[in-house]
Amino acid sequence: MVATADALAHLNPSQRRAVEHHCGPLLVVAGAGSGKTRALTFRIFQLIHQHRVAPDNILAVTFTNKAAREMRDRIEKLFADQLAQQETGKPLTALPAAEQTQLRSRVYKQQIKPLWIGTFHSLFARILRYDIDKYQDEQGHQWQRNFSIFDESDVQGLVKEIVLKDLNLDEKKFNPRSVRYAMSNAKNLLRSPTEYLNEATTYRERTIAEVYSEYQKRLAANNGLDFDDLILIPTRLFQQNETILGYWHYQFQHILVDEYQDTNRTQYELIRLLATNGETRKEQWNWQRRSLFAVGDADQSIYSFRMADYKILLDFQRDFGDGLPDATTQTMVKLEENYRSRENILQAANHLIAHNTERIDKVLRPTRGEGERIYLYQADSERDEAQFVLGSILKLRERASDLGWGSFAILYRTNAQSRVLEDAFRGRVPYMIVGGLKFYDRKEIKDAIAYLRLLANPADTVSLLRAINTPRRGIGKATIDNLISAAQQLGVPLWEIISDETSVNTIAGRTAKAVNGFAALIKGYQGKVETSDANYLVRAILEDAGYLDDLKSKGTDEAKTRLENIYELFSAVDDFQREYEDTTLAGFLANASLASDLDNLAEGQEAISLMTLHSAKGLEFPIVFLVGLEQGLFPNVRSLDDPQSLEEERRLCYVGITRAQERLFLSQARQRNLWGSTEPAIPSQFLMELPPELIERNGRAVLPRAAGHMATAEPVTQPADDTPGLNWKVGDRVIHNAFGEGEVILLLGSGRKQNLAINFPAAGRKIIDPRVAQLERIEA
DNA sequence: CTCTTTTAAGGTACC
DNA sequence: CTTAAAAGAG
């Protein structure tokens, strides 16, 4: 009890309001570094401990497995500490290690394990393992509970086959990647193939609808689902089946959603259904014993390219809340105190983000000292930039020897930028690329997983085709084509043909022996799936399949690395069995296909982190370098003529700045080598949107105000306010810091929404928001 | 069926 | 420039 009171005493009033919230809807607007995870974990603890909610009545949705793991861990600590106080009168950390472990495992069993904490995908995959057989598909497709989850490359393969082979479309016009992207977007907007077709207006869209429809058919034939389906199908199921929805609505009395600004329409609908039981009349909602608790920050919304929509967060008050103005509302709390960064860093962040238009009014209030100024370096080239980063890190470590390598992070806009940095670092300082190639995306791991998926779900033809000739067994294209065509004519999964010796002998001729041998191998292990542990199965089948010997006999460095990765997979299975107390193959597979990074292995390592700004979200580092602040790189070219995406780039910059605790370094190169040719580079407009007095520049760095065009060096103040604009008219001559001189050729919209179409002789025609872009009118 | 040469594409990325 | 996938040759 003491622990609880103590813990709550350390919260600020807003955090306290969030944590003590019991029933009803609440939106927590949580700025960067404001103790958001703390609010979430304390609240869950509070619900169970104070309000006696059963842990399995709580659903907490996060966006990454890592966030889920962290929350679990922190709640476990809260309970263990509470229990320690209660039983021994001492805090947990004062107990001997063995007792701590024992206490934590008790807490884990009772309070933590039953909690439904996880990502949308893992939680709803779990629900589908119970209920997918009751789902009525619009096109009559069916799935079984042992479905496979297809990852992006499996899916790309399927789409490619449909586009190029089945429908024989022009690869240039219907690039499989962009078709796949369109389909994913459709799913994230809750559109079935039929609905997508009905809304299609162009030939392209109608064709994509056809691919989409065929794609679903192929997925179902494999008893497979893609990631989007893990959200879409439960949503459909809940829409169509009152009983099932009612069951889960009753199950999840308290729903918490983290990173609410990153939800898409389908996820929103799913949450809405669960919270309201599908009841549309607000007055019928029963908040007596339940709650909906959404946490997020619209200023950190950086995933609209994958259909995340921060307007869902902005609409929370209207959708679920009391809809009252910010000052009086009971259904929104803002966490504005920042415990992470120095004041100078926060001022810069606040100043930058104020240039965006559609926001919930919010600032980050500093709680720590001012700190040093932000350092801006103008480099001659990207190589000079890398040298600057390296030099600065070495210098800082000289001055403060207690700064570990892990204190540094280098953030960039595009992955391609990492190479130059790596070249500068290699052999000199320890570094790691965060994000890069995922463990489960590696070829050898995908091969191994294909074998396992085939054991669990024989209908999974995608995995079958991957495994059948890996390692090479002399089963070639011709044989496989014949087998596939037989399966298609009979309308059965390929495995049905391959597993029948007589059929194989008839169809495969000379290679029949090899195919039958493969079939016998798989059959032997399929018989053991129910009775054997996953860690035995994975080792045994790869050994028996000759996969390990194949790698061993190659002897190249590459093969050695691959072999090491396979061994790493073996220990991942062991870890999984220990952590989740689940030895089934199905359990491991579900976890593996949804796992993103085994990179947390590297967590303890002391190394400089290199990553994209997107990967940096949710992380923090004492010292942050934000590199490549150049127009066209960051903000990215594709956002320059679209005010909406430009705002997203600005949010991305905001996310980058707010990762820094102590010091922030910015850099920009005057020319950059991109795809072989050297291009001159213009400083990013974001640099001009920072308060100049907080920036310290190296001799050469000059803020990019072309002399004479910017009359004043005043900080840019609130360009988004209500000033009616500068009365733009057609024919006005302007100068833009990226596009040069141009002429306004059209006014679009009016008032606050007014945009300008401008013809730039140097850059073509662009549509520009004069409140956002750095635009100067040239007096005639 | 496998190895070599050619060609194309390269924004961000969660699960 | 670099890497990956596709086509072409043995």
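Whole-Å rounding puts the A:Asp441 CG to C:dA4 P distance at 12 Å. Following rounding to the nearest Å, A:Met307 (CE) and B:dA13 (C1') show an atom-to-atom distance of 14 Å. One can place NZ of A:Lys187 at 18 Å from P of B:dC15, the figure rounded to the nearest angstrom. Look at CD on A:Gln417: it is 15 Å from C1' on C:dC1, rounded to the nearest Å. Remark: P of C:dT3 and CD1 of A:Ile433 are 13 Å apart, rounded to the nearest angstrom. Separating the CZ atom of A:Arg419 from the P atom of C:dC1 is a distance of 10 Å, rounded to the nearest angstrom. Going from atom CZ of A:Arg180 over to atom P of B:dC15 covers 15 Å, rounded to whole Å. Between A:Gln156 atom CD and B:dC15 atom C1' there is a gap of 15 Å when expressed in whole angstrom units.
You'll find the side chain of A:Phe439 reaches within 4.5 Å of the side chain of A:Ile445, heavy atoms only.
The shortest distance between the side-chain N/O atoms of A:Ser593 and the OP1/OP2 oxygens of B:dC15 is not below 4.0 Å.
A salt bridge links A:Arg180 with A:Glu152; the closest basic N to acidic carboxylate O contact falls under 4.0 Å. Note on A:Asp262 versus A:Arg306: no salt bridge recorded, every NZ/NE/NH1/NH2 to OD/OE distance being 4.0 Å or above. Salt bridge absent: A:Lys36 and A:Asp297 never bring a charged side-chain N and a carboxylate O closer than 4.0 Å.
A search for salt bridge (Lys or Arg N to Asp or Glu O under 4.0 Å) contacts involving A:Glu382 returns nothing, not counting sequence neighbours.
Environment of NZ in A:Lys311: crowded, with over 12 heavy atoms of neighbouring residues, nucleotides or ligands closer than 6.0 Å.
Checking A:Thr119 against A:Ala478, the closest nucleotide of DNA chain B that is more toward the 5' end is the one next to A:Ala478.
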> Which letters describe nucleotides 2-11 of chain B, given B = protein heavy atom under 4.0 Å from base, S = only from sugar-phosphate, - = neither?
Replying inline: SS------BB
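A:Phe63 comes within 4.0 angstrom of sugar-phosphate atoms only, judged by non-hydrogen atoms across all strands, and of no base. When heavy atoms are screened at a 4.0 angstrom cut-off, A:Tyr303 is found touching the sugar-phosphate backbone but no base atom.
Side chains of A:Glu385 and A:Gln387: no donor on one and acceptor on the other come within 3.5 Å.
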